[in-house]
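Reviewing the structure listed below.
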2 protein chains.
Amino acid sequence: MPASHADYSIGQAARVAGVKVPTIRYYEAQGLLTPPPRTEGNQRRYGAAEVARLAFIRHARELGFPLPAIRDLLSLSDHPDQSCDAADAIARAQLAEVERRLENLTALKSELERMVDQCQGGRIANCRVIEVLANHDQCLAETHNPVT
Amino acid sequence: MPASHADYSIGQAARVAGVKVPTIRYYEAQGLLTPPPRTEGNQRRYGAAEVARLAFIRHARELGFPLPAIRDLLSLSDHPDQSCDAADAIARAQLAEVERRLENLTALKSELERMVDQCQGGRIANCRVIEVLANHDQCLAETHNPVT
DNA sequence: CTTGAACCTATAGCGACTGGAGAGTGTACC
DNA sequence: GGTACACTCTCCAGTCGCTATAGGTTCAAG
């Protein structure tokens, strides 16, 4: 393979994969990327496969997968002969988590809208925003979960 | 005021306000609570107003307000004569943030559902979960934002 | 007066990065 | 072939909002 197996500097790999340079080094430190070969001057050089792996990680991160789950998914994709039950389970767990967060956020949104709608722009003393925050009793949301 | 202005230990305040003990000390260190009086033996004692303040903070946190925003809201509620425009603006900003996250999460959810639906339980080599993660092109989501 | 729960401070850790300092390297241009 | 300068290196600190631990002190009930 001629130039297709070309080397990317860490900055080029970062641009192509859409991640930041320190993030790549961080992923390496966390074991999501195997340490790449270096130039004589100790600079990392990446091939197309590593860049693809980076894009995979980025995409999974955008989908909210935590790094340990991504580590698992990567090791699965490194062994294509196995059953994909495990990958499926990870994705389903993530879907459940996303649905949970969606519910929380939706409840949140309606309460915030209620707060904002009721504020008529007077004095703090009559401000619904402050009042709603002060009186938990009036709260619609019953989340005991962290809210993010 | 007799016993209504009663003193609470940090643990009692925590139970009543629904936060954890170290969290109270953390809020104090972050300047959201003024340092309360202490017993001779150096233990914090809180009054009803501080407990209410804690509940306010807790509720705002449940609504996802970051601590700096809560600091602002608290200082607003300490000055009830001012206009509530500022409080309104903070709440609106938070609402916008929540809506942004909701959009991201909704896009996410459909992509995860797509991934999971398409997985037919075969080998990794044909697994849609892995494949979708590897090919960002097929992605529905256009988020460049963090996904949480 | 003794026990034991609750409290104190200080510090470190979480997850997933991000930013900076200070030094070394690679490369494009003249 | 030199020089300028962007890029890269490592290491360490900071972000956010807590949470947990260690090792010591105090409070309140019996």
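The structure presented is a predicted model; accordingly, all values stated were derived computationally and were not measured. In what follows, chains carry the letters A, B, and so on, assigned in the order in which the sequence lines appear, proteins first and then strands, with residues in each chain numbered from 1.
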Rounded distance (Å) that lies between atom [atom2] of [N] and atom [atom1] of [X]:
| X | N | atom1 | atom2 | result |
| --- | --- | --- | --- | --- |
| B:Glu28 | C:dC7 | CD | P | 14 Å |
| B:Ile10 | D:dC27 | CD1 | P | 14 Å |
| B:Gln43 | D:dC27 | CD | C1' | 6 Å |
| A:Glu40 | C:dG24 | CD | P | 17 Å |
| A:Gln30 | C:dT18 | CD | C1' | 14 Å |
| B:Lys20 | D:dT21 | NZ | P | 12 Å |
| B:Asn42 | D:dG24 | CG | C1' | 13 Å |
| B:Gln12 | C:dA6 | CD | C1' | 10 Å |

Strand-adjacent residues in residues 68-78 of chain B, judged by heavy atoms under 4.0 Å from DNA chain C:
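Result for residues 68-78 of chain B: none.
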
Looking only at side-chain N and O atoms, does [X] come under 4.0 Å of OP1 or OP2 in [N]?
| X | N | value |
| --- | --- | --- |
| A:Thr23 | C:dT18 | yes |
| A:Ser9 | D:dC7 | no |
| A:Tyr27 | C:dC17 | yes |

Can you tell me how far the [atom1] atom of [X] sits from the [atom2] atom of [Y], to the nearest 0.5 Å?
| X | Y | atom1 | atom2 | answer |
| --- | --- | --- | --- | --- |
| A:Leu32 | A:Leu54 | CG | CG | 9.5 Å |
| B:Glu97 | A:Lys109 | CD | NZ | 13.5 Å |
| B:Glu62 | A:Glu111 | CD | CD | 8.5 Å |
| B:Thr39 | B:Arg45 | OG1 | CZ | 5.5 Å |

Quick check for you: among [options], whose closest atom lies nearest to any side-chain atom of [X]?
| X | options | value |
| --- | --- | --- |
| A:Leu67 | C:dA16, D:dG17, C:dC8 | C:dA16 |
| B:Arg45 | C:dC8, D:dC7, D:dA28 | D:dA28 |
| A:Arg61 | D:dC27, C:dC17, D:dC18 | C:dC17 |

Enclosure of A:Glu103 CD (heavy-atom neighbours >12, cutoff 6.0 Å)
no

Closer to the 5' end of DNA chain C via nearest nucleotide, is it A:Arg25 or A:Pro66?
A:Pro66

Pick the nucleotide of DNA chain C nearest each of A:Gly41 and A:Pro22; which residue has the one closer to the 5' end?
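Its nearest nucleotide being more 5', the pick is A:Pro22.
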
Ignoring hydrogens and geometry, is there a side-chain-to-backbone donor-acceptor pair from B:Gln94 to B:Gly64 under 3.5 Å?
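Here the side-chain-to-backbone pair exists.
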
Under 3.5 Å donor-acceptor, B:Arg71 side chain and B:Gln30 backbone:
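Between the backbone of B:Gln30 and the side chain of B:Arg71 there is a qualifying donor-acceptor contact (under 3.5 Å).
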
For A:Arg38, which contact category applies under a 4.0 Å heavy-atom criterion: base, sugar-phosphate, or nothing?
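Sugar-phosphate, backbone atoms only, no base.
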
Using a 4.0 Å heavy-atom cut-off, does A:Arg44 contact any base of the nucleic acid, only the sugar-phosphate backbone, or nothing at all?
sugar-phosphate

Heavy-atom side-chain contact between A:Tyr26 and A:Leu67 under 4.5 Å:
yes

